[in-house]
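The structure appears right after this line, and notes come after that.
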Amino acid sequence: MILIDGKAVAKKIRENLKDRVQDLKNKGIKPKLAVIMVGNDKASSIYVKNKSKACNELGIEFEEFFKDDSISQKELIDLIKELNDRKDVHGILLQSPIPNNLDIREAFNTIDYRKDVDGFNPINVGKLSIGEDSFISCTPYGVIKLLEEYNIEVQGKNAVVIGRSNIVGKPLVQCLLNKDATVTICHSKTENIKEITKNADILIAALGKPKFITADMVKEGAVVIDVGINRCEDGKLVGDVDFNNVSEKASYITPVPGGVGPMTIAMLMNNVVKAASMNN
């Protein structure tokens, strides 16, 4: 069994990005990410802080807009439009979740697709689905990069994705299809899920249920990618995969933490640098 080291791969990507940022600065382009956060969700605050730290490390400029949860939909949309128009801002990110009284779909749709570094605008979603160059949602993009880095063959393989969220599951299916995998997507209404997962050459769990994937659901020698991050009652972080038992059957497996997690921010930084390169 080979442990897929997301930290090491993310570090390599960030080192490469540091050079690209410097090249852009030499041409007079200063890559900049604007992050909007509405309300005071604790997990979101940590994510925003981590994004700020990553930007500082790479020399990417960072501007944050903390808005009270009393903000109206119009005020939120107006802020996004203002950032769309700003030439110095290359990437715009709306940190989710946002308060329920606000329409997050309209907000994502308003972000200029050329600055949509989270890959949630329908134009980028559509481009990905027809195999055109686009901004890809950062977590699925990170999963694909890990498979590439470890030279894991995807073409012609049976890939099973568990979870159909717009943020991870659906874009991941498109990424795998674009690499010529045979893809099955499972979700809460899927019947006989074990029969499906047992045939997977590549099994990707992104459903948000601690240790849902057990050893009897996994084919001997399968590649297992765990996207889940769940905090147990004892404060310990675990994935969607029962790591200790599944790792005895897998050929490759990602740990939690230290697997897919570090890749998400690395690919966000990659998207910001890409946006700065394209839009100047």
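Counting from 1, the numbers follow the sequence of the chain as shown.
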Would a distance-only check, ignoring hydrogens and angles, find a side-chain to backbone donor-acceptor pair under 3.5 Å from [X] to [Y]?
{"X": "Lys127", "Y": "Ser134", "result": "no"}
{"X": "Lys25", "Y": "Gly59", "result": "yes"}
{"X": "Ser277", "Y": "Val273", "result": "yes"}
{"X": "Thr190", "Y": "Ile193", "result": "no"}
{"X": "Lys249", "Y": "Ala215", "result": "yes"}
{"X": "Asn178", "Y": "Ser129", "result": "no"}
{"X": "Ser45", "Y": "Asp41", "result": "yes"}
{"X": "Asp201", "Y": "Asn158", "result": "yes"}
{"X": "Asn199", "Y": "Glu195", "result": "yes"}
{"X": "Asp112", "Y": "Asn84", "result": "no"}

Do the side chains of [X] and [Y] get close enough for a salt bridge, i.e. N-O under 4.0 angstrom?
{"X": "Glu148", "Y": "Lys179", "answer": "yes"}
{"X": "Asp216", "Y": "Lys194", "answer": "yes"}
{"X": "Lys236", "Y": "Asp234", "answer": "no"}
{"X": "Glu63", "Y": "Arg86", "answer": "yes"}
{"X": "Asp240", "Y": "Lys209", "answer": "no"}
{"X": "Asp78", "Y": "Lys74", "answer": "yes"}
{"X": "Lys274", "Y": "Asp133", "answer": "yes"}

Between [X] and [Y], is any pair of side-chain heavy atoms under 4.5 Å apart?
{"X": "Ile162", "Y": "His187", "result": "no"}
{"X": "Val238", "Y": "Val256", "result": "no"}
{"X": "Glu106", "Y": "Thr110", "result": "yes"}
{"X": "Ile71", "Y": "Leu102", "result": "yes"}
{"X": "Leu3", "Y": "Thr254", "result": "no"}
{"X": "Pro31", "Y": "Glu61", "result": "no"}
{"X": "Asn121", "Y": "Phe108", "result": "no"}
{"X": "Ile36", "Y": "Leu83", "result": "yes"}

Report the residue from Asn109, Asp85, Ile111 that forms a side-chain contact (heavy atoms from CB on, under 4.5 Å) with Ile80.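 Checked Asn109, Asp85, Ile111 against Ile80; only one passes side-chain contact (heavy atoms from CB on, under 4.5 Å): Ile111.
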Could you give the distance from [atom1] ([X]) to [atom2] ([Y]), rounded to the nearest 0.5 Å?
{"X": "Tyr141", "Y": "Leu172", "atom1": "OH", "atom2": "CG", "answer": "13.5 Å"}
{"X": "Phe120", "Y": "Ile104", "atom1": "CZ", "atom2": "CD1", "answer": "8.0 Å"}
{"X": "Asn166", "Y": "Arg105", "atom1": "CG", "atom2": "CZ", "answer": "6.0 Å"}
{"X": "Asn16", "Y": "Arg20", "atom1": "CG", "atom2": "CZ", "answer": "6.0 Å"}
{"X": "Leu128", "Y": "Ile123", "atom1": "CG", "atom2": "CD1", "answer": "14.0 Å"}
{"X": "Met267", "Y": "Arg14", "atom1": "CE", "atom2": "CZ", "answer": "12.0 Å"}

What pair of heavy atoms forms the shortest contact from [X] to [Y], and how long is it?
{"X": "Val260", "Y": "Asp226", "value": "CG2-O, 3.6 Å"}
{"X": "Ile167", "Y": "Ser96", "value": "CD1-OG, 4.5 Å"}
{"X": "Ile253", "Y": "Ala250", "value": "CB-CB, 4.2 Å"}
{"X": "Ala275", "Y": "His90", "value": "CB-O, 3.4 Å"}
{"X": "Asp118", "Y": "Cys138", "value": "OD1-SG, 3.9 Å"}

Carefully, step by step, assess Asn26 and Gln22 under the rule side chain to side chain donor-acceptor pair (under 3.5 Å). CA-CA 6 Å; Asn26 293 342; Gln22 195 51 56; 3.2 Å; yes
Taking the cut-offs as 6.0 angstrom to the six-membered ring centre and 45 degrees off its axis, would you call Lys51 and Phe62 a cation-pi pair?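 The answer is no; the distance or angle limit is not met.
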Please enumerate all residues that pass side-chain hydrogen bond (donor to acceptor under 3.5 Å, both in side chains) together with Asn124, with sequence neighbours excluded.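 Partners of Asn124 by the side-chain hydrogen bond (donor to acceptor under 3.5 Å, both in side chains) criterion, ordered by chain and then number, come out as Asp116.
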Evaluation steps, side-chain contact (heavy atoms from CB on, under 4.5 Å), between Met263 and Thr139: CA-CA 7 Å; Met263 295 298 293; Thr139 300; over 6 Å; no
Please tell me whether Val173 and Val160 are part of a single hydrophobic cluster in this structure, the criterion being side-chain heavy atoms less than 4.5 Å apart. no
Hits for ring-ring contact (aromatic ring centres under 6.0 Å, His included) against Tyr47, two or more places apart or cross-chain, chain-then-number order -> none
